[in-house]
Amino acid sequence: MGGRITGYTANLACGNYHSVIGYSKATGPAICVAILKAYKKCFQNLYYVEQLEDPAIALALAVQTTSRLYSTSAAISLNSQIAWYARAGQIENARRVFDEMGEKNIASWNAIIAGYFQNNQPREASLLFDKMPERNTVSWNGLISGYVKNGMVSEARKIFDMMSERNVISWTAMVRGYVQEGMIEEAESLFWQMPEKNVVSWTVMLGGLLQEGRVDDARRLFDMMPEKDVVARTNMIGGYCQQGRLAEAREIFDEMPHRNVITWTTMISGYAQNQHVDVARKLFEVMPEKNDVSWTAMLTGYAQCGRIDEALELFDAMPVKSIIACNEIILLLGQRGEVAKARQVFEQMKDKDDGIWSAMIKVYERKGFELEALSMFVRMQREGVGLNFSSSISILSVCASLASLDYGKQVHAQLVVSQFDHDVYVASVLTTMYVKCGDLVKAKQIFDRFSLKDVVMWNSMITGYAQHGLGDEALNIFHDMSSSGVPPDDVTFVGVLLACSYSGKVKQGIEFFESMKCKYQVEPAIEHYACMVDLLGRAGQLDEAMNLIESMPMEADAIIWGALLGACRIHMNLDLAEVAAQKLSQLEPKNSGPYVLLSCMYASRGRWGDAASVRKKIRARGVGKSPGCSWIEVEKKVHMFSCGGSEGHSEQPVIMKMLEKLGGLLREAGYCPDGSFVLHDVDEEEKTHSLGYHSEKLAVAYGLLKLPEGTPIRVMKNLRVCGDCHSAIKLIAKITGREVILRDANRFHHFKDGVCSCRDYW
DNA sequence: ATAGGGTTAG
């Protein structure tokens with residue numbers, strides 16, 4: 001029987017799985033487990049074999065498959081069952097087997113203790129260790145490695161010192177512990193003290209040096225090794241690859257007597273990560289055996305150098321789609337804007353980790369599918385998936401752009417529980433969220449709690465104050481930032497310039513703009529020019545603004561022309577407005593907004609002929625408003641408005657579909673639209689108002705009028721309020737005597753008694 | 001089999 005076990009091991013190592021199965025004629029319980037492992041490798045494209053978490057099911061499968069061929073009966077020992085359950089993360093089941101078993105030997109105790117360590121319960125493990133009737137070296141070593149796994153190196157060292165008889169494994173585990181904590185000197189000194197070393201100990205030390213980036217030291221150690229096996233060589237290859245020293249890596253690779261999957265994968269990923277994807281692909285094609293890790297390595301190689309089509313092709317061909325590969329593909333598809341496809345990959349995954357959820361949410365957030373992102377968040381809550389660092393940041397950004405304070409607070413609460421809120425970056429995003437939702441007090445509270453602020457933190461507060469027109473407060477923060485020693489970056493100056501712009505500090509703004517380059521070494525980017533155009537324009541210096549646009553080192557974009565157009569509206573400069581509107585219509589052919597605005601300007605001057613000719617231009621281009629819908633949130637009740645659709649209601653079904661979808665999302669998100677749903681088809685409105693009303697905004701205004709008296713109106717989706725809508729809301733605020741706070745893409749508008757208090761509204 | 005080493009991502 002012993003001989004057969006050796007045969008099995010050798011065959012397993014060489015990948016001759018069918019030979020392994022051939023040995024099962026004379027099988028015992030231990031062998032049966034081995035067969036299963038062989039099966040797992042052999043049938044790796046059978047997903048359920050990979051998924052076996054229950055030894056009972058695994059056993060049934062083994063008996064079924066093997067007995068069909070060789071009439072095998074088998075059992076898995078109770079000790080193995082303990083380990084099996086523990087590996088699968090089912091520590092309760094492991095404990096049940098342990099508690100129910102009649103006679104426990106040392107191995108049973110060792111197994112359950114190791115299980116608790118694996119499942120990150122070091123305290124329970126050490127309690128059990130104290131209760132053990134007798135201990136052997138395996139028990140002591142298990143304790144060392146258990147503590148190391150849980151990052152408790154000093155505890156491990158105590159045990160190590162306490163042991164009366166240490167073997168190579170005890171020493172190696174301890175060295176590994178120091179390596180893991182980056183305590184490389186301690187690791188080295190212990191390593192050289194070892195009374196006896198084997199390949200594994202050498203490899204652990206080698207890995208430690210490589211982890212520190214000391215490749216040449218590692219190579220010296222490597223050359224000193226009395227024997228080198230696959231693992232040691234693979235380790236060395238990986239080290240060279242990480243430094244981009246591919247030639248040296250390849251030399252070791254070529255000289256190796258045996259290579260396994262991991263060796264090949266290491267080499268392939270080395271090439272892929274160093275801009276040699278095609279070389280990697282050639283190796284990938286010839287490698288004798290691939291697993292999902294090799295496929296994933298190849299895939300990420302393509303992904304990282306932007307060869308998306310090849311990455312997708314590889315993904316489709318993958319027999320087992322690893323979580324990592326799915327993650328990569330979801331992000332890639334997202335970048336490409338193929339959001340629905342990304343969602344499909346997401347839904348098809350059998351088990352999702354928290355990273356996958358954040359990837360999907362990130363895609364939605366980046367691509368502007370805010371409601372979908374929120375709906376994913378709600379689904380996460382329902383399925384008990386906690387927020388992690390990345391998903392909480394995405395959700396907070398979504399809350400910020402929807403001005404959804406309710407969800408924002410929910411996320412905040414969870415961040416407090418998980419203590420992620422101690423992180424400066426998270427806190428910065430949190431601050432931004434409160435700012436965008438209009439809660440400046442809360443934002444400032446969070447901001448003040450951090451004594452060590454980073455740039456992002458400073459920026460979010462400066463920009464926050466600036467966006468609310470609190471120029472002096474913003475500049476005060478900038479002043480504090482300067483004295484704190486954190487150097488400002490490009491974002492800081494966007495905030496500073498905005499602050500100057502919104503509070504009319506023209507001279508100061510120009511000074512900041514000039515000093516950012518010479519004093520702070522921040523090169524002005526297009527955003528800064530946009531701020532300056534805005535600043536000069538608002539102040540009525542339209543020619544200066546135009547001169548700046550013409551002298552810019554880069555081509556002006558839609559934001560810049562939009563800023564100029566806005567300024568023209570304030571100061572009624574029709575000539576420049578024509579220029580700006582024309583540029584805008586070139587840059588954004590589908591956006592009819594600029595021409596609508598222009599026609600309004602002519603109309604307000606009584607120049608009906610010009611207004612009509614501009615509207616003709618809009619029609620000639622065939623641009624209608626794209627169908628869309630918008631919602632407002634009033635005391636947890638949702639009011640929805642449809643808008644757009646070209647003339648003749650041709651897109652009405654599309655809109656209705658969108659509304660249905662939106663309604664589903666909102667219902668799922670915990671709103672109760674039934675009974676408080678207001679659907680407005682605004683095309684009707686549009687007919688009665690001959691001039692270019694922005695129907696969506698008008699719908700909102702109309703909706704406000706219909707709200708029950710005394711209803712507090714808090715926050716809206718970020719609408720861009722255009723002139724006509726503005727007067728409508730103003731009028732309604734006067735009629736109803738109700739206070740309305742409305743968030744624009746740029747700032748807050750405050751309507752009371754028919755007066756709007758936002759300073760620089762055009 | 002119960003203790004020690006290597007590969008894929010944010």
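Computed from heavy atoms alone, side chains included, the values below leave out hydrogens, waters and symmetry copies. Below, read A as the first sequence line, B as the second, and so on, with proteins coming before strands; counting in each chain starts at 1.
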*Could you point out which residue of A:Met376, A:Met380, A:Met360 forms a side-chain contact (heavy atoms from CB on, under 4.5 Å) with A:Ser391?*
A:Met380
_So A:Gln242, base contact, sugar-phosphate only, or nothing? Heavy-atom distance under 4.0 Å._
nothing
_Would you say A:Arg176 places a side-chain N or O within less than 4.0 Å of OP1 or OP2 belonging to B:dG4?_
no
*Assess A:Arg233 against A:Phe253: is NZ or CZ under 6.0 Å from the centre of the six-membered ring, and within 45 degrees of the ring's axis?*
no
*asked:* Can you tell me if A:Gln81 touches the phosphate of B:dT2, counting only side-chain N or O atoms and a distance under 4.0 Å to OP1 or OP2?
replied: no
*Hey, does A:Val200 reach any base, or is it just sugar-phosphate, or nothing, if we go heavy atoms under 4.0 Å?*
base
*Have a look at A:Gln304 and say if it touches a base, only the backbone sugar-phosphate, or nothing, with a 4.0 Å heavy-atom cut-off.*
sugar-phosphate
*Quick one: label A:Ala359 by what it contacts on the DNA or RNA (base, sugar-phosphate, nothing), any heavy atom closer than 4.0 Å.*
nothing
*Pick base, sugar-phosphate or nothing for A:Thr266, based on heavy-atom distances below 4.0 Å to the nucleic acid.*
sugar-phosphate
*Phosphate contact (B:dG4 OP1 or OP2) by A:Lys149 side-chain N/O below 4.0 Å*: yes
*What's the CD1-C1' distance between A:Ile113 and B:dA1, to the nearest Å?*
16 Å
*Base, sugar-phosphate alone, or nothing: which one does A:Ala107 contact when heavy atoms must sit under 4.0 Å apart?*
base
*Under 4.0 Å between a side-chain N/O of A:Ser145 and OP1 or OP2 of B:dG4, yes or no?*
yes
*asked:* Mind checking if A:Asn167 touches a base, just sugar-phosphate, or nothing, with heavy atoms under 4.0 Å?
replied: base
*Using a cut-off of 4.0 Å on non-hydrogen atoms, how would the nucleic acid contact of A:Asn235 be classed: base, sugar-phosphate, or nothing?*
sugar-phosphate
_By the 4.0 Å heavy-atom rule, please label A:Gly355 as base, sugar-phosphate, or nothing._
base
*A:Tyr302: which of A:Arg281, A:Glu328, A:Glu313 passes side chain to side chain donor-acceptor pair (under 3.5 Å)*: A:Arg281
*asked:* Using the ring centroid of each side chain, check whether A:Trp140 and A:Phe129 are separated by less than 6.0 Å.
replied: yes
